J.: 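There's a structure below that I have some questions on.
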Amino acid sequence: MAVRVAVAGASGYAGGEVLRLLLSHPGVEIGALTGNSNAGQLLGSLQPHLVPLAGRTLEATTPEVLAGQGRPHDVVFLALPHGQSAAVAAQLGEDVLVVDMGADHRLKDAADWDRFYGAPHAGTWPYGLPELPGGRAALAGAKRIAVPGCFPTAVSLALFPAYQAGLAEPEAVIVAATGTSGAGKALKPHLLGSEVMGTVTPYGVGGVHRHTPEMVQNLSPLAGQRVSVSFTANLVPMPRGILANCSAKALPGVTAEALRAAYEKAYADEPFVRLLPEGQWPTTQSVYGSNAVHLQVVHDPSAQRIIAISAIDNLTKGTAGGAVQSMNIALGLPEELGLSTIGVAP
């Protein structure tokens, strides 16, 4: 029997992406689609690429609609703005798998949540990054899942093998480029084509980016102590993708061979993470539209630093793909159902 799924926020980028993936998922039946500000409109007028769902009408985001009324939903994806998921999730039954693609339930530290989001902390749910140590075990059978942020996905997967193997000092410097879809679908003057084309713009500089505490939260347990993270994001003129340049000082005695071996061991059996051959570098185009992570790592002997570079599609592996992957694990389905490692080029 197919798993019946509802999507709240179906008119946005994250909602549209999770629907694109679910349409290729052989074990899913798509139920209610909601979008408060667009309720009453046809999905096809807002997401014209979702042809099989074009005639569906968006409903209001209410507990009754998301529960399924006469035909209950087994899974509810919440593709809502940060701060809005918790109130909706609280009204859904404990028997329903709720997958939150917003930030509401990612952070463990209430003080971090208050500092970066300025609202009451809604609590912490199992974290939807299966590749982290213990990640799959935490998701198996879960009824609540917090999908990671897109930057923390790229950064955590780039650096965790170095910390797990005890090769890096507990400080990391991250400079990452991302496309405009990461800011959501709402109209914003600084995201207009005429403002974005032909320029690269830094933002979230100086420790204020909301994804920073999530990176610290993911990496610190592996290092056995708090990892400080200096993170700078750059907005670049492309719709999708993240390229994360991650660096940490190598501990004394670290060699290129030991570093490479640690990454090969960490990712030998991972279906969505590809450690590229030596000398080949990740590109955002190679992972476009896929749930793949392309990764390269090198040791810089002159600076005694570890440099790990990852590329992901921020809407797929960074959001909706991670959500579907986590759903599969929670429900005991094959992890790769509905997901692809094949990008789109040119």
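Computed from a predicted model, the values in this text were never measured in an experiment.
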J.: Just checking Leu23: does its CG atom have more than 12 heavy atoms from other residues, nucleotides or ligands closer to it than 6.0 angstrom?
T.: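 Result for CG/Leu23: enclosed.
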J.: Can a side-chain donor-acceptor contact be found between Asp112 and His121 if the only test is distance below 3.5 angstrom?
T.: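 On atom types as modelled, these side chains do not qualify, holding no pair under 3.5 Å.
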J.: Please determine which of Thr153, Leu159, Val155 meets the side chain to side chain contact (heavy atoms under 4.5 Å, CB included) test together with Leu157.
T.: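 Answer to the side chain to side chain contact (heavy atoms under 4.5 Å, CB included) test with Leu157 among Thr153, Leu159, Val155: Thr153.
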J.: Check whether the side chains of Ser11 and Gln47 place a donor and an acceptor atom closer than 3.5 Å, and report yes or no.
T.: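 Ser11 vs Gln47: no donor-acceptor pair found between side chains.
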J.: Please check if the number of heavy atoms outside Gln225 that lie under 6.0 Å from its CD is greater than 12.
T.: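 More than 12 within 6.0 Å, yes.
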J.: Testing the basics here: between Ile242 and Ala154, what is the closest heavy-atom pair and its distance to 0.1 Å?
T.: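 Taking every non-hydrogen atom into account, CG2-CB, 4.0 Å.
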J.: Any carboxylate oxygen within less than 4.0 angstrom of a Lys/Arg side-chain nitrogen, looking at Glu335 and Arg136?
T.: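 Salt bridge present between Glu335 and Arg136.
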J.: Do Glu171 and Val227 have side chains that approach each other closer than 4.5 Å (heavy atoms only, starting at C-beta)?
T.: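 No, every pair of side-chain atoms sits at 4.5 Å or beyond.
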J.: Looking only at atom types and distance, does a side-chain atom of Asp74 sit under 3.5 Å from a main-chain N or O of Arg4, one as donor and one as acceptor?
T.: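 Confirmed, Asp74 side chain pairs with Arg4 backbone.
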J.: Between Ser181 and Asn314, do the side chains contain an N or O donor and an N or O acceptor separated by less than 3.5 Å?
T.: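 A donor-acceptor contact under 3.5 Å links the two side chains.
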J.: Do the side-chain N and O atoms of Arg226 and Ser220 include a donor-acceptor pair separated by under 3.5 angstrom?
T.: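 No donor-acceptor contact under 3.5 Å links the two side chains.
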J.: Would the distance check show the side chain of Lys188 and the main-chain N or O of Ala183 forming a donor-acceptor pair, the cut-off being under 3.5 Å?
T.: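 Yes.
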J.: When you measure from the centre of the six-membered ring of Tyr127, is the NZ or CZ of Arg106 closer than 6.0 Å and no more than 45° off the axis?
T.: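 Checked: cation-pi criterion not met.
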J.: May I ask you to check whether His209 and Tyr203 place their ring centres under 6.0 Å from each other?
T.: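 Under 6.0 Å, so yes.
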J.: If only atom types and distance count, is the side chain of Tyr263 paired as donor or acceptor with the main-chain N or O of Ala308 below 3.5 Å?
T.: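 A pair under 3.5 Å: no.
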J.: Between Asn36 and Ala60, is there a donor-acceptor pair closer than 3.5 Å when you use the side chain of the first and the backbone of the second?
T.: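 Such a contact is absent between Asn36 side chain and Ala60 backbone.
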J.: Does a donor on one side chain sit under 3.5 Å from an acceptor on the other, for Glu131 and Gln325?
T.: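 Their side chains do contain a donor-acceptor pair, which is all the 3.5 Å distance test asks for.
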